[in-house]
2 protein chains.
Amino acid sequence: MAKVAKAELDLSTEEKIKEAASIVFTKKGYGNARTRDIAEEAGINLALLNYYFRSKEKLFQIVMAERIDKLFGVLAPILNDSTTTLEEKLDKITDNYITMLLEHPDLPIFVLSEIRNNPEQLSNRFQARKHLTESVFIKQLIARRNDINPFHFLMNLLGMTLFPFVAKPILQPIAGGEDNYRGMMEQRKKLIPGWIKMMLDNP
Amino acid sequence: MAKVAKAELDLSTEEKIKEAASIVFTKKGYGNARTRDIAEEAGINLALLNYYFRSKEKLFQIVMAERIDKLFGVLAPILNDSTTTLEEKLDKITDNYITMLLEHPDLPIFVLSEIRNNPEQLSNRFQARKHLTESVFIKQLIARRNDINPFHFLMNLLGMTLFPFVAKPILQPIAGGEDNYRGMMEQRKKLIPGWIKMMLDNP
DNA sequence: AAATTATTTAATCAAATGATTAATAAAATA
DNA sequence: TATTTTATTAATCATTTGATTAAATAATTT
């Protein structure tokens with residue numbers, strides 16, 4: 001086999017394991033995930049997992065970093081865009097988040113519960129406070145409402161957007177099943193920005 | 001020792017284990033919790049744990065049921081109170097929830113992530129849909145706004161109230177430390193009901 | 001074609017962990 | 001008080017589980 005094809009094969013196996021790890025870790029969490037589960041999910045031998053990624057912990061770190069990026073990657077580029085208004089940012093954030101989370105509904109609960117298990121290591125990685133405080137988004141919020149801590153509005157935005165996914169196992173049956181649930185999430189793409197704007201405008 | 005004193009001692013040991021289990025399970029989740037951790041936390045021998053509660057799983061079921069009660073017990077009695085207005089309910093829910101969660105901040109993430117691990121068993125326990133749909137609260141919401149699915153407002157209320165605790169490890173540093181975080185949560189007791197009322201009033 | 005390197009597997013190890021057992025201590029009962 | 005029941009412990013078991021090893025196979029290079 002030629003060199004390119006071999007590299008593809010390498011990548012394929014390594015990627016298969018990473019993909020499987022992502023699925024199993026995200027579904028069960030670190031503590032409940034067995035390396036054997038991951039190997040089976042990837043369709044490979046258990047030893048291969050350790051051959052490619054020395055240990056469960058190492059594999060987890062890689063998966064976790066990528067999952068954190070996925071969850072917060074939606075937010076980061078929008079917050080510091082100085083070409084968009086506050087309203088446009090709100091529209092984008094809710095739309096992008098809800099679209100992504102309808103594809104990956106168990107992402108938030110996974111990331112948040114793993115951060116709980118290891119706050120120092122996982123939470124401090126991003127120096128969120130500084131980055132956020134100096135962001136265009138927060139400045140725009142302050143310019144609009146200097147009487148309320150801007151992080152309140154961020155909590156509201158994230159709470160209304162992410163919480164329905166964090167609590168999906170409870171809320172989906174309440175909403176009347178998967179289809180109704182998805183329908184409501186689609187509605188929220190428009191509703192949430194409207195509500196936030198309302199909060200900002202009414203003193 | 002007299003009978004009463006003995007009963008007290010029994011209860012004390014059993015309660016000590018349950019209390020320890022509650023602490024360890026809530027902090028680490030089922031999969032990451034070791035029965036030895038629980039025994040140590042309770043200051044008793046490991047075998048005693050199995051003497052009182054046959055297995056880790058059984059002990060967990062008991063703790064879990066009690067934790068679910070704690071998390072949803074705040075909501076249930078308020079939702080069906082026909083003597084209070086919608087506004088009063090909103091005030092009570094946020095106040096009671098935030099007060100309770102400042103004492104037990106890791107409760108929501110624990111319950112929600114365990115429900116994710118076992119949705120059928122834990123989520124179906126409460127026939128939430130029927131109870132909720134027929135609740136005074138939902139009827140009051142519909143009476144006020146028949147153009148929007150009332151569960152949207154419930155998601156907003158719970159999202160704005162619970163999410164800051166679900167995401168505490170991330171938000172607390174952003175807020176500027178524990179004291180600032182608590183201060184903001186206290187503010188939200190008044191802010192959130194105001195925001196929800198605003199959503200209900202503005203068409 | 002032979003040698004070298006990379007990949008994959010079956011078998012196995014060692015530690016962690018949930019659970020049990022057998023002995024002892026304490027308490028209740030008769 | 002003697003006996004029976006209940007509570008507690010130390011030691012140990014059996015399984016699970018993350019990880020390793022040594023051998024086989026496949027791919028690549030020389």
Side-chain angles (χ1 to χ4, degrees), chain A residues 1-65 110 114 117-118 121, chain B residues 1-65 110 114 117-118 121:
Chain A
M1 220 175 245
K3 203 162 193 176
V4 176
K6 187 222 159 195
E8 263 169 9
L9 200 67
D10 285 358
L11 194 70
S12 171
T13 302
E14 193 173 322
E15 274 305 319
K16 257 193 321 191
I17 297 174
K18 249 199 279 194
E19 192 54 39
S22 191
I23 291 169
V24 175
F25 279 138
T26 305
K27 193 160 72 189
K28 322 221 288 185
Y30 183 82
N32 292 302
R34 303 287 98 97
T35 50
R36 282 166 174 80
D37 302 340
I38 297 172
E40 191 182 8
E41 174 79 32
I44 52 107
N45 189 284
L46 168 62
L48 252 193
L49 186 149
N50 290 284
Y51 175 75
Y52 278 100
F53 310 85
R54 272 185 72 72
S55 71
K56 179 188 181 184
E57 176 66 23
K58 288 258 176 58
L59 179 54
F60 176 74
Q61 298 296 351
I62 291 168
V63 168
M64 189 65 193
F110 167 68
E114 293 304 329
N117 290 339
N118 229 327
Q121 190 179 5
Chain B
M1 222 176 240
K3 203 163 193 175
V4 176
K6 187 224 161 195
E8 263 171 10
L9 201 66
D10 285 359
L11 194 68
S12 170
T13 301
E14 194 172 322
E15 274 305 319
K16 257 194 319 190
I17 297 174
K18 250 199 281 195
E19 190 56 36
S22 190
I23 291 169
V24 175
F25 279 137
T26 305
K27 194 160 72 186
K28 321 227 280 186
Y30 182 81
N32 293 302
R34 303 288 100 97
T35 50
R36 282 167 173 80
D37 302 340
I38 297 171
E40 190 182 8
E41 174 78 33
I44 52 106
N45 188 285
L46 168 62
L48 251 193
L49 186 150
N50 290 286
Y51 175 76
Y52 278 100
F53 310 86
R54 270 186 75 72
S55 72
K56 180 188 180 184
E57 176 65 25
K58 288 258 176 60
L59 178 55
F60 176 74
Q61 298 297 352
I62 292 168
V63 167
M64 190 64 193
F110 167 69
E114 293 303 330
N117 291 338
N118 228 327
Q121 189 178 7

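Side chains included, hydrogens not; waters and symmetry mates left out as well; all remaining heavy atoms used. Throughout, a chain's letter reflects where its sequence line sits, starting with A, and its residues are numbered from 1.
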note: B:L59, atom CG; C:dT17, atom P; distance rounded to Å ~ 17 Å
Student check: side-chain heavy atoms of A:E114 and A:N117 closer than 4.5 Å: yes
From CG of B:N32 across to P of C:dA16 the rounded distance in Å is 16 Å
Counting only N and O atoms by type, is there a donor-acceptor contact under 3.5 Å from the side chain of B:K28 to the main-chain atoms of B:R34? no
Hey, does the side chain of A:R34 come within less than 4.0 Å of D:dT16's phosphate (OP1/OP2), counting only N and O? no
Could you tell me how far apart B:I44 (CD1) and D:dT6 (P) are, to the nearest whole angstrom? 19 Å
Could you state the atom-to-atom distance from CG of B:L48 to P of C:dG18 in whole Å? 16 Å
Can B:E19 and B:K16 be counted as an ion pair, charged N to O under 4.0 angstrom? no
Are the side chains of B:K18 and B:Y52 in touch, meaning some heavy atoms are under 4.5 Å apart? no
Under 30°, 30 to 60°, or over 60°: which ring-plane class applies to A:F25 and A:Y30, parallel, tilted or perpendicular? parallel
Have a look at B:A33 and say if it touches a base, only the backbone sugar-phosphate, or nothing, with a 4.0 Å heavy-atom cut-off. sugar-phosphate
To the nearest Å, how far apart are B:E40 CD and D:dT8 C1'? 18 Å
Using atom names, set out every protein N or O paired with an N or O of nucleotides 19-25 of chain C below 3.5 Å, distance rounded to 0.1 Å.
residue : atom : partner : partner atom : Å
C:dA19  : OP2  : B:K56   : N            : 2.7

Would you compute the distance between atom CD1 of B:I44 and atom CG of B:L49 and round it to the nearest 0.5 angstrom? 5.5 Å
